[in-house]
Amino acid sequence: MRKKRGYNRDIINPLVRDYKLFAIACEGGKREPEYFQLFEKISNRITIDIIGDIINDEEMNYIHETKSSPKWVLDRAVRYIEKEGLTEEDELWFVMDIDRWQGNQIREIANYCKQKNNWHIALSNPCFEVWLIYHIKEEIDVNESLDCKELKYQLSIIVNSGYNKYRFIQFFNKAINNAQNADTNRSHYFPDPGNTKVYLLAESLIHKIGQGNFENLLENLSEGIKI
């Protein structure tokens, strides 16, 4: 049977795990978790765990006075693994906005990820809305006023009917291509302004689901939905 999370270390049976687990630490609001959890609905080849939903704030408050520290983020990820378990095939991702962190804080998490084969970091500069805009546009105008407030406003102009995860998922492959082409510093984990590394996580999701399967599954999901 397909388990929701983790795996049973006492049972050696390949049928126990017939999917790949993506554990995602999102430091934003509801938009990021809702976006990625949608993939569970379109493919049974993957399971998405949002770490914050499992290791909640109350559980960690007695350890850390502030959530604005890499130690808090890392400890929550470690505690998640201790609670849920990861296989060698599973992946853990930190999906983070650089406007919420100082450079040295992000660097600490990125360096920690380098020590783990299945730990990754996907930054957006300045925030997750960059990734969403690339679902629709090939380029983002970079100027001195580029901040999260500005990007949220741009997104509301681009999509008059408002953000809808079911609409945006139709343009998932387009977002990957646009974000990758716009990435002016692919070899480094830190994106330039108006860039995002979320396409790396997106590529991993597509690789596991399979491009053909993904497109077939979208046919029923997206029927009649237009931006």
Side-chain angles (χ1 to χ4, degrees), residues 22-36 48-57 59-61 63-82 86 90-135 140-152 154-155 175-176 178-205:
F22 288 84
I24 302 177
C26 299
E27 298 308 310
K30 295 182 179 180
R31 185 168 283 179
E32 292 95 319
E34 289 178 352
Y35 179 93
F36 289 112
I48 305 294
D49 269 1
I50 302 300
I51 292 178
D53 293 344
I54 300 170
I55 307 299
N56 59 50
D57 296 348
E59 291 181 90
M60 299 295 292
N61 282 343
I63 300 176
H64 299 285
E65 294 181 0
T66 176
K67 302 174 187 177
S68 300
S69 72
K71 182 65 175 172
W72 184 85
V73 175
L74 292 172
D75 280 359
R76 191 169 66 169
V78 170
R79 187 166 181 181
Y80 163 83
I81 292 175
E82 292 174 347
L86 292 180
D90 298 332
E91 297 181 11
L92 187 151
W93 286 82
F94 295 94
V95 179
M96 303 169 61
D97 301 340
I98 70 162
D99 73 316
R100 298 168 62 91
W101 301 85
Q102 296 180 5
N104 63 318
Q105 293 177 319
I106 294 174
R107 186 162 51 251
E108 183 174 342
I109 294 177
N111 289 337
Y112 198 94
C113 288
K114 290 180 181 179
Q115 303 172 31
K116 306 287 185 179
N117 292 330
N118 57 348
W119 286 40
H120 310 275
I121 186 169
L123 299 173
S124 296
N125 189 350
C127 55
F128 188 70
E129 277 68 26
V130 171
W131 168 247
L132 295 179
I133 289 175
Y134 278 126
H135 285 64
I140 293 178
D141 296 331
V142 178
N143 52 60
E144 293 181 358
S145 64
L146 186 68
D147 56 20
C148 288
K149 184 178 180 180
E150 167 71 18
L151 287 168
K152 289 177 180 179
Q154 287 188 28
L155 188 62
I176 293 175
N178 288 343
Q180 185 180 63
N181 292 335
D183 189 359
T184 54
N185 195 4
R186 296 187 188 181
S187 62
H188 199 271
Y189 67 86
F190 200 96
D192 291 332
N195 284 188
T196 177
K197 300 289 184 176
V198 173
Y199 70 85
L200 297 173
L201 169 55
E203 288 177 328
S204 188
L205 288 167

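- Summarising the geometry, atom CD1 belonging to Ile50 is positioned 4.5 Å from atom CD1 belonging to Ile24; distances are rounded to the nearest 0.5 Å.
- Once rounded to the nearest 0.5 Å, the distance linking CE of Met96 with SG of Cys127 reads 13.5 Å.
- Looking at residues two or more places apart in sequence or on another chain, you find a side-chain contact (heavy atoms from CB on, under 4.5 Å) between Asp192 and Thr184, Asn185, Asn195.
- Separation of atoms CG (Asn125) and NZ (Lys197) is listed at 10.5 Å; rounding is to 0.5 Å.
- Residues Thr196 and Ala179 come closest through the heavy atom pair CG2-CB, 3.9 Å.
- Here the straight-line distance linking atom CH2 of Trp101 with atom CD1 of Ile106 works out to 8.0 Å at 0.5 Å rounding.
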- Task: Check step by step if side chain to side chain contact (heavy atoms under 4.5 Å, CB included) holds for Ile98 and Ser124.
- Result: CA-CA 6 Å; Ile98 70 162; Ser124 296; over 6 Å; no

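- Formation of a donor-acceptor pair under 3.5 Å by the Asp97 side chain with backbone atoms of Arg100 is not found in this model.
- For the side-chain contact (heavy atoms from CB on, under 4.5 Å) test, residues two or more places apart in sequence or in another chain that qualify with Gln180 are Arg186, Tyr199, Glu203.
- Residues passing the side chain to side chain donor-acceptor pair (under 3.5 Å) test with Asn104, sequence neighbours excluded: none.
- By the side chain to side chain donor-acceptor pair (under 3.5 Å) test, Tyr35 is found to be paired with Trp131, His135, residues two or more places apart in sequence or in another chain being considered.
- Taking the side-chain contact (heavy atoms from CB on, under 4.5 Å) definition, one finds that Ala25 meets it with Glu27, Ile51, Phe94, sequence neighbours left out.
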What pairs of donor and acceptor atoms, side-chain ones from residues 107-121 against any protein atom, are under 3.5 angstrom apart with sequence neighbours left out?
unit_1: Asn111; atom_1: ND2; unit_2: Arg107; atom_2: O; d: 3.2
unit_1: Asn118; atom_1: ND2; unit_2: Asp90; atom_2: O; d: 3.2

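- Counting heavy atoms from C-beta on, the side chains of Leu92 and Phe22 never come closer than 4.5 Å.
- Legend: residues meeting side-chain contact (heavy atoms from CB on, under 4.5 Å) with Asn178, ordered by chain and number and at least two apart, are Tyr134, Glu138, Lys174.
- Note that CD1 of Ile133 is 11.5 Å distant from NZ of Lys152, once rounded to the nearest 0.5 Å.
- Phe128 places none of its side-chain heavy atoms less than 4.5 Å from the side chain of Leu151.
- Legend: salt bridge (charged side-chain N to carboxylate O under 4.0 Å, His left out) pairs involving residues 121-135, not counting sequence neighbours, sorted by first then second residue: Arg31-Glu129.
- Partners of Tyr189 according to the ring-ring contact (aromatic ring centres under 6.0 Å, His included) rule, which considers only residues two or more places apart in sequence or in another chain, do not exist here.
- Side chains of Ile48 and Leu205 form a contact here, defined as non-hydrogen atoms less than 4.5 Å apart.
- With sequence neighbours excluded, no residue forms a side chain to side chain donor-acceptor pair (under 3.5 Å) with Glu34.
- Atom-to-atom distance recorded for Lys149:NZ and Asp99:CG is 13.5 Å, nearest 0.5 angstrom.
- When every heavy atom of Cys26 is checked against every heavy atom of Arg76, the shortest pair comes out as O-NH2, 4.1 Å.
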